[in-house]
Amino acid sequence: MCLGIPGRIASIRDDAGLTMGVVDFGGVRREVCLQYVADEVAVGDYVIVHVGFAITKVDEEEARRTFEVLKEMSQLEELEWMAEVADASLSRTQKPDVQGAGESL
């Protein structure tokens with residue numbers, strides 16, 4: 001199964017003219033090629049990563065929706081690892097409500 005997984009950019013660097021970075025997938029960090037999206041991303045942005053390449057930038061809300069779909073897909077036994085990534089990522093995208101009660105988006 002080939003999936004694009006959203007992750008949050010933790011760092012960006014130039015590697016001999018190639019834009020690389022570290023992307024956080026719910027606490028698991030991986031080196032990712034950011035060259036395709038280099039002109040449109042910054043640290044803290046979300047990107048969809050497929051086989052080590054960031055293929056598009058997404059906003060936080062879209063990343064959250066994708067995490068929720070991945071969590072639903074993880075109902076299948078072979079996709080159990082996705083539940084861990086989705087749960088960790090969803091907890092990181094939660095924002096407190098106006099009254100600070102910790103309501104998620």
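Numbers here are sequence positions counted from 1. What you see below is based on every heavy atom in this structure, not just the backbone, and it leaves out hydrogens, waters and symmetry mates.
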Peer 1: Can you sort out the partners of Asp24 under side chain to side chain donor-acceptor pair (under 3.5 Å), two or more places apart, ordered by chain and number?
Peer 2: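 For Asp24, the residues satisfying side chain to side chain donor-acceptor pair (under 3.5 Å) (neighbours in sequence not counted) are Arg29, Arg92.
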Peer 1: Which pairs pass salt bridge (charged side-chain N to carboxylate O under 4.0 Å, His left out) with one or both residues in residues 32-52, sequence neighbours excluded?
Peer 2: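 Sorted result for residues 32-52: Asp45-Lys57.
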Peer 1: Flag the pair Arg64 / Glu60 as yes when at least one side-chain heavy-atom distance between them is below 4.5 Å, and no otherwise.
Peer 2: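 Answer no - side chains too far apart.
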Peer 1: Which atom pairs, donor and acceptor, lie under 3.5 Å between side-chain atoms of residues 4-17 and protein residues at least two apart or in another chain?
Peer 2:
| unit_1 | atom_1 | unit_2 | atom_2 | d |
| --- | --- | --- | --- | --- |
| Arg8 | NE | Gly44 | O | 3.1 |
| Arg13 | NH1 | Asp15 | OD2 | 3.4 |
| Arg13 | NH2 | Glu31 | OE2 | 2.1 |
| Asp14 | OD1 | Ala16 | N | 3.4 |
| Asp14 | OD1 | Gly17 | N | 3.0 |

Peer 1: Other than Met20, which residues form its hydrophobic cluster under the rule that side-chain heavy atoms must be closer than 4.5 Å?
Peer 2: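 Besides Met20, the hydrophobic cluster comprises Leu18, listed by chain and residue number.
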Peer 1: Under the ring pair (Phe, Tyr, Trp, His ring centres under 6.0 Å) definition, can you give me all pairs with a residue in residues 4-38, not counting sequence neighbours?
Peer 2: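 Applying ring pair (Phe, Tyr, Trp, His ring centres under 6.0 Å) to every pair that reaches into residues 4-38, excluding sequence neighbours, yields Tyr36-Phe53.
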Peer 1: Please answer: with hydrophobic residues joined when any side-chain heavy atoms are less than 4.5 Å apart, are Val28 and Val43 in the same cluster?
Peer 2: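 Hydrophobic grouping puts Val28 apart from Val43.
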Peer 1: Mind checking side chain to side chain donor-acceptor pair (under 3.5 Å) for Arg30 and listing every partner two or more places apart, or none if nothing turns up?
Peer 2: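 For Arg30 there are no side chain to side chain donor-acceptor pair (under 3.5 Å) partners, ignoring immediate neighbours.
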Peer 1: Kindly give the heavy-atom pair with the smallest separation between Ala54 and Leu34, and that separation in Å.
Peer 2: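 Scanning both residues, the minimum pair turns out to be CB-CD2, 3.6 Å.
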